[in-house]
*Asks:* 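One structure coming up, written as structure tokens, with questions to follow.
In this text, all values refer to a predicted model and were calculated from it rather than measured experimentally. Residue numbers start at 1 and run along the sequence shown.
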Amino acid sequence: MSDEPGRAQREAIAVVTSVPVAALTTLGVVAVLAVLGLLGLVDRQPQPFCQGEAMAPGDTCGRRGRRSVRTFQVSYERVLDEATGTLLAQRWCLAAVVVMAVVAIASIAVARRRDRRLVLDLAGPGPTYAHASRTAWRGVASVLGGSALVAVTVGLGLRIAIGGQVAQTVGWSIAVLGTLAALVLVWRGRSRGSEYVGIYREGVRLARRGQVRDVPWLAVHHFPGSSATTSRLAVIGETGTVSLGGATGGEVGVAVWQTWTSTALARLAAGERLDFGPLVLTGQELLVGGEAVALLELGSLHPVTRRKEPVALQVTTRTGAVVGDVVLAQVPNLAVLDTVLGWLVKVRVTGVGGVPYTGGSSTGVPPTGVPPTRAE
């Protein structure tokens, strides 16, 4: 644990109450530039050009086909329609960027006000370790992504709409749907406030989305990930995860492993099912998705890599038959599963670097004294 638990708590509280200046500045600059660009287009009229020269009514413009060396003539009206569509697309995109930036800024302001009210709920006996992270940059990323989406779909849609009646319907549909998708992206990616995790002996104090609650370790799923920076925490039965810092992730992983392994065999003996995301362990079998394998027939759990697919954890029988596989990154508390299976049937999770807490304990005596299912 940290040598200065109070310092970690103070640093976490400072993150929760701080102003995300960089994120707000970035969004403000984006909004101001979009407004200035929009104002510059208010009085502009569409002007058709042909090879850099302005066209007059009755003129034609010679163009060369993409896959042909032949030149064809385009009327003034057609070029004027294209110029009108381009100008409309520019105004549309800039207006959408302004709206998205304002939504992101407002969400940060609301989230910060909500976070400041959380400080009183986070006060009291300090945790042994604490960590907090900002979510304001999610809003910035969503605005940038939404802007790119609007630029592509609106530009493409209005270009298509220059054609006949059917083309107009298709083109306008693409533009409108692309804009709506961008707004949804910004809304879903808006800042939800800071995420706080305080580690206590009994569990974690979790603060996110304006709510503070205490979660016991037996209700916690920990995803170590491929590195300390990808460590995540989730509450069993709920969607969404909380990102953890390197030291906090390690502390959470150790606490979850200690608590789960100290009660696992007693819970199994009482008929409970241990939830490991896509894997479920009972006293007699391991459920892999919709398939089940008796513990007495369990052979191995090991990672497999397939091209263009995430690394999977494959489960096989003692004869080598494949029971099924699940995405490795979706399996929480993997160290616990490794330890308990080692106690029960002397089967280990092999070839996975994210099982750092067992320390060889799975070859020792189970803490409850329950004998293993299969002896070797």
Side-chain angles (χ1 to χ4, degrees), residues 23 26-107 137-191 308-309:
T26 302
L27 291 171
V29 170
V30 171
V32 169
L33 292 177
V35 169
L36 292 177
L38 189 59
L39 292 176
L41 297 176
V42 170
D43 297 326
R44 181 177 298 182
Q45 299 298 320
Q47 178 62 51
F49 284 89
C50 178
Q51 300 178 6
E53 296 183 2
M55 296 179 63
D59 290 346
T60 59
C61 181
R63 292 181 178 176
R64 180 174 295 176
R66 295 181 180 178
R67 300 182 181 180
S68 174
V69 295
R70 297 188 340 180
T71 300
F72 62 94
Q73 299 299 314
V74 181
S75 67
Y76 169 85
E77 288 74 16
R78 172 75 180 192
V79 179
L80 179 61
D81 288 342
E82 293 176 353
T84 302
T86 299
L87 182 59
L88 177 58
Q90 293 173 345
R91 293 172 176 171
W92 187 325
C93 292
L94 290 173
V97 170
V98 172
V99 172
M100 291 187 290
V102 169
V103 169
I105 293 173
S107 68
W137 281 106
R138 297 178 187 176
V140 177
S142 67
V143 169
L144 297 179
S147 300
L149 180 59
V150 169
V152 172
T153 55
V154 171
L156 176 63
L158 295 187
R159 188 174 183 84
I160 294 175
I162 296 174
Q165 186 65 37
V166 175
Q168 289 181 5
T169 302
V170 173
W172 281 99
S173 298
I174 292 175
V176 171
L177 291 176
T179 304
L180 292 177
L183 293 175
V184 171
L185 176 64
V186 171
W187 180 253
R188 292 179 63 86
R190 70 190 187 280
S191 175
K308 297 183 179 180
E309 291 185 10

*Asks:* Using the rule given for side chain to side chain contact (heavy atoms under 4.5 Å, CB included), can you reason through Leu33 versus Val29, listing the C-alpha separation, both sets of side-chain angles and the distance that settles it, and then say yes or no?
*Replies:* CA-CA 6 Å; Leu33 292 177; Val29 170; 3.9 Å; yes
*Asks:* Compare every heavy atom of Val79 with every heavy atom of Cys61, then report the nearest pair and how far apart it is.
*Replies:*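 Taking Cys61 first and Val79 second, the nearest heavy atoms are CB-CG2, 4.4 Å.
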*Asks:* Answer yes or no: are there more than 12 heavy-atom neighbours, outside Glu53 itself, under 6.0 Å from its atom CD?
*Replies:*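 No.
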*Asks:* For residues Met55 and Tyr76, report the shortest heavy-atom separation together with the two atoms involved.
*Replies:*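 Smallest heavy-atom distance, with atoms named: O-CE1, 3.6 Å.
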*Asks:* Can you tell which of Ile160, Val154, Thr153 makes a side-chain contact (heavy atoms from CB on, under 4.5 Å) with Leu156?
*Replies:*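 Going through Ile160, Val154, Thr153 one by one, the side-chain contact (heavy atoms from CB on, under 4.5 Å) with Leu156 is satisfied by Ile160 alone.
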*Asks:* Should we count CH2 of Trp187 as having more than 12 external heavy atoms under 6.0 Å?
*Replies:*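 No - once you tally the heavy atoms of other residues, nucleotides and ligands closer than 6.0 Å, there are 12 at most.
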*Asks:* Taking all non-hydrogen atoms of both residues, which atom of Ala104 and which atom of Val143 are closest, and how far apart?
*Replies:* CB-CG2, 3.6 Å
*Asks:* A side-chain contact here means heavy atoms from C-beta on lying under 4.5 Å apart; do Ser147 and Met100 qualify?
*Replies:* yes
*Asks:* On a heavy-atom basis, which atom in Ser142 and which in Val186 lie closest, and how many Å separate them?
*Replies:*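 Closest heavy-atom pair between Ser142 and Val186: O-CG2, 3.6 Å.
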*Asks:* Taking atom CG of Leu27 and atom OG of Ser191, what is their separation to the nearest 0.5 Å?
*Replies:*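 Reported to 0.5 Å precision, the distance equals 10.0 Å.
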*Asks:* Calculate, to the nearest 0.5 Å, the distance between atoms CD and CG belonging to Gln47 and Leu87 respectively.
*Replies:*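 If I round to the nearest 0.5 Å, the distance is 11.5 Å.
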*Asks:* Over all heavy atoms of both residues, which pair between Ala96 and Val150 is shortest? Give the atoms and the distance, please.
*Replies:* CB-CG1, 4.0 Å
*Asks:* Have a look at Leu80 and tell me which of Pro48, Ser75, Pro57 forms a side-chain contact (heavy atoms from CB on, under 4.5 Å) with it.
*Replies:*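 Checked Pro48, Ser75, Pro57 against Leu80; only one passes side-chain contact (heavy atoms from CB on, under 4.5 Å): Pro48.
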*Asks:* Could you measure the distance from the CG atom of Leu144 to the CG atom of Leu149? Nearest 0.5 Å is fine.
*Replies:* 12.5 Å
*Asks:* For residues 178-185, please give each side-chain donor-acceptor pair under 3.5 Å, one per line with the distance, not counting sequence neighbours.
*Replies:*
unit_1, atom_1, unit_2, atom_2, d
Thr179, OG1, Trp92, NE1, 3.0
Thr179, OG1, Ala175, O, 2.9

*Asks:* Atom CD in Glu77, atom OG1 in Thr60: separation rounded to 0.5 Å?
*Replies:* 10.5 Å
*Asks:* For the side chain of Arg91 and the backbone of Leu41, is there at least one donor-acceptor N/O pair under 3.5 Å apart?
*Replies:* yes
*Asks:* What's the shortest heavy-atom distance between Leu158 and Gly85, and which atoms?
*Replies:* CD1-O, 3.7 Å
